Amino acid sequence: MKITLKDGSFREYAEAKSVFEIAMDLSEGLARVATAGEIDGEVVDLRTVVDKDCALNILTFQDEKGKGAFRHTASHILAQAVKRLYPETKLAIGPSVADGFYYDVDRDVPFTTDDLEKIEKEMKKIVKENLPIEQFTKPREEALAYFKEKNEIYKVELIEDLPEDEEISFYSQGEFVDLCAGPHLMSTKAVKAFKLTSLAGAYWRGSEKNKMLQRIYGTAFPKKAELDEYLNMLEEAKKRDHRKLGKELGLFMMRDEGPGFPFFLPNGMVLKNTLLDYWREIHRKAGYVEISTPIMMSRHLWETSGHWAHYKENMYTTVIDDEDFAIKPMNCPGGILAYQSEPRSYRDLPLRMGELGIVHRHEKSGQMHGLMRVRCFTQDDAHIFMTPEQVKDEIKGVAQLIDGVYKKFGFKYHVELSTRPEDSMGSDEDWNLATDALRAALDDLGLPYVVNEGDGAFYGPKIDFHLEDSIGRTWQCGTIQLDFQLPVRFDLEYTGADGEKHRPIMIHRVVFGSIERFIGILIEHFAGAFPTWLAPVQVKVLPISDKYLDYANQVLSALKEAGIRAEIDTRAEKIGYKIREAQMKKIPYMLVAGAKEEEEKKVSVRSRFAGDEGQKNLDEFIKDILSEIETKTIREIEVEKE
């Protein structure tokens, strides 16, 4: 049999071999770190036997799918430890997730953090026991009988939902047996570094109609150093939590009267409007026009767009004059109607129409999280209508625009190309053309990317931009979606150079994604210490005492007249206290006004970046800070703050 490897090379074998044996043949070092295999795109155990020609990829912890197999094994070790310590506990499900794993369990007595420590100790014993992990199957009826005897009601329900003729997959390690499709490591020994991180409630199968279970979260790594690095990141993330900082800095709040609907406070509105001003500035320069479309439109529009069939469960609907209406979850159908407002010629294309549109999406209450996951947000949308010949250049133009924005905020990023999902509309030909166009644009730009199979929008493939923040977390924000479908569904046209009617092609794209979510990311990225151009208060004027209030107010007036966002602290407090307060509010600049400053018509400058910067002429300071604001400079910290 011929085995084609990831790099295009191949190996030939006269007899069947397991994935692990092939890994050993390739490299003993590779076999030591291998966690799973991938045969013709399907992730499998290392113990899986290969007996025919195929494409084989040996996965390690560095691969997302390999990481999943590693952490899935950790979830089974967790479940085994729970059953050893608390045998009355019923098990539900225990998958790997983005940053680790969890297991949902049903126990009458709630778990505590002390229990987590006991469970961790038992998990360490299981790892030391080096239990072989084995996979086997049972007929459906035998599988049901097995779990009914053990009173594992959630496993029974899962099996009952499987096809009647399906063999049921099990995994065992020592005395522990679980219902599972895998894949898993070959033994418990490799899971050397793990930590149970938190407890939460979770409805069985995500439905509020079902029982609330206890969810035990954890994470796992092959090496302790990697685990320590991740736990340090979590501690840093707690300090940067945008919900905590949002409250402390007076940026936004959430209330029970509007769950999932954020309230922006005065400082938050300054931040939000500054971002929107920047958005308008860069889009005007890039040749976009701005539109605004209604927040609510009739059902027939959403039926035409496909949202009624594909997205209705996430839409808020109402009835007006006996007709169904929906609050828009997306801006694109409104943008299409704007395109249709007048006849279009090839001379009008590309037509770049931007919209800062408020959209509403029904998120489950358990999924909402500060500004990161809300039910109402401002989407910085744009829709580009173009001829087939213009597609590649327009995609490149959008990618370059997004690149410039992310660099402005100091973000690194990586790119994913997402292909056709199962729930989609349109022909294979259109999807192939669209996917090839996105791929060609990325290749022309020299942007490295990974392919995310099956994760495109229902109407077209997309390019997603994943930001990396200052502590290494990633966030999906910008996206470019190429759409051949909606122009057909809405019968869009333009008159070509030949005088005939033609169908335009459409790009959907966002840069920030959700303004609200992007603000949450910025809060955590900068730990609330925004660059001067973004800071809600850019300068705090600090009179040493009431005697210098008049001069301090003159300074304040000059700053405001120059367009600088400035405030004054007139409280009868010592200057050291006022400075510390301004530092706690993360204000970029503090100007101290006292006898010497008033006499010389200067200010003593303290900054978040360099501490005491000495005395400056006020005009000189204004000139410097205006230059920093105009260029949107991100000034780095030069010395430790006092």
Side-chain angles (χ1 to χ4, degrees), residues 18-21 23-24 28 30-37 43-49 58-61 65-97 100-105 107 115-138 142-143 146-147 149-150 152 154-155 158 168-196 216-224 226-227:
S18 71
V19 173
F20 181 76
E21 288 172 328
M24 281 289 290
E28 190 174 331
L30 175 62
R32 273 199 306 271
V33 297
T35 59
V43 182
V44 298
D45 280 342
L46 291 171
R47 59 185 71 73
T48 300
V49 173
I58 306 296
L59 300 173
T60 72
F61 192 81
K65 293 173 182 177
K67 196 173 290 178
F70 186 96
R71 288 173 169 164
H72 195 179
T73 300
S75 80
H76 276 218
I77 295 171
L78 162 61
Q80 184 175 12
V82 167
K83 291 294 284 186
R84 282 185 178 183
L85 296 171
Y86 313 99
E88 77 283 3
T89 305
K90 296 179 179 63
L91 301 178
I93 58 170
S96 64
V97 290
F101 59 89
Y102 69 78
Y103 216 109
D104 287 346
V105 299
R107 181 172 178 249
D115 293 328
L116 293 190
E117 290 180 15
K118 295 174 188 173
I119 295 168
E120 274 189 15
K121 286 181 182 177
E122 192 63 35
M123 289 174 70
K124 288 175 182 175
K125 290 180 185 176
I126 294 167
V127 170
K128 284 183 180 178
E129 289 169 19
N130 189 17
L131 301 174
I133 300 173
E134 298 174 349
Q135 193 262 348
F136 62 93
T137 62
K138 285 178 179 287
E142 284 186 30
Y146 177 84
F147 282 117
E149 181 184 349
K150 293 183 174 293
E152 291 287 1
Y154 301 103
K155 304 297 181 182
L158 290 170
I168 307 302
S169 175
F170 288 77
Y171 277 82
S172 67
Q173 52 198 51
E175 83 288 354
F176 179 72
V177 177
D178 203 356
L179 172 73
C180 187
H184 285 279
L185 303 180
M186 296 183 72
S187 88
T188 60
K189 183 181 180 181
V191 187
K192 294 178 179 176
F194 55 85
K195 179 71 178 174
L196 299 183
I216 304 175
Y217 280 103
T219 192
F221 293 84
K223 297 178 182 176
K224 185 177 183 300
E226 294 172 314
L227 174 63

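Keep in mind that what you see is a predicted model, and the values were worked out from it rather than measured.
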**Chi angles and distances behind the side-chain hydrogen bond (donor to acceptor under 3.5 Å, both in side chains) call for Thr188, Glu129** = CA-CA 8 Å; Thr188 60; Glu129 289 169 19; over 6 Å; no
**Item:** Spacing of CG belonging to Leu46 relative to CG belonging to Leu59, to within rounding of 0.5 Å
**Value:** 8.5 Å
**Complete:** Tightest non-hydrogen contact, residues Leu227 and Ala193, listed as CD2-C, 3.8 Å
**Prompt:** Do you know which two heavy atoms are closest between Phe176 and His76, and how far apart they sit?
**Reply:** CE2-O, 3.7 Å
**Request:** Starting at NE2 of His184, measure out to OG of Ser75 and round the result to the nearest 0.5 Å.
**Result:** 6.0 Å
**Fill in**
In this structure, CG of Leu196 is separated from CG of Leu116 (nearest 0.5 Å) by 5.5 Å
**Request:** Mind listing the closest non-hydrogen atom pair of Pro222 and Lys192 along with its distance?
**Result:** O-CB, 4.0 Å
**Item:** Residues forming a ring pair (Phe, Tyr, Trp, His ring centres under 6.0 Å) with Phe70, sequence neighbours excluded
**Value:** Phe61
**Message:** So for atom NZ, which belongs to Lys138, do other residues, nucleotides or ligands contribute more than 12 heavy atoms lying within a distance under 6.0 Å?
**Reply:** yes
**Request:** Could you pull out the closest heavy-atom pair between Tyr171 and Pro183, with the gap in Å?
**Result:** OH-CA, 3.9 Å
**Fill in**
Distance col, row Lys118:NZ vs Tyr86:OH, nearest 0.5 angstrom, shows 4.5 Å
**Request:** Flag the pair Thr137 / Ile168 as yes when at least one side-chain heavy-atom distance between them is below 4.5 Å, and no otherwise.
**Result:** no
**Message:** What verdict does the side-chain contact (heavy atoms from CB on, under 4.5 Å) test give for Leu131 and Lys189, after you've listed the backbone C-alpha separation in whole Å, the side-chain angles of each residue and the deciding distance to 0.1 Å?
**Reply:** CA-CA 7 Å; Leu131 301 174; Lys189 183 181 180 181; over 6 Å; no
**Item:** Residue pair Phe170 / Val177, side-chain heavy-atom distance below 4.5 Å
**Value:** yes
**Item:** Tyr154 versus Asp104, side-chain donor and acceptor atoms under 3.5 Å
**Value:** no
**Asked** Any side-chain heavy atom of Asp178 sitting closer than 4.5 Å to one from Tyr103?
**Response** yes
**Request:** Could you check Glu175 against Gln80 for side-chain hydrogen bond (donor to acceptor under 3.5 Å, both in side chains), going step by step and ending with a plain yes or no?
**Result:** CA-CA 8 Å; Glu175 83 288 354; Gln80 184 175 12; 3.2 Å; yes
**Prompt:** Which atom names give the shortest non-hydrogen contact between Val191 and Val127, and what distance separates them?
**Reply:** O-CG2, 3.3 Å
**Asked** What pair of heavy atoms forms the shortest contact from His72 to Cys180, and how long is it?
**Response** CE1-SG, 3.2 Å
**Message:** Does Arg47 qualify as a cation-pi partner of Phe20, given the criterion of NZ or CZ under 6.0 Å from the six-membered ring centre and within 45 degrees of its axis?
**Reply:** no
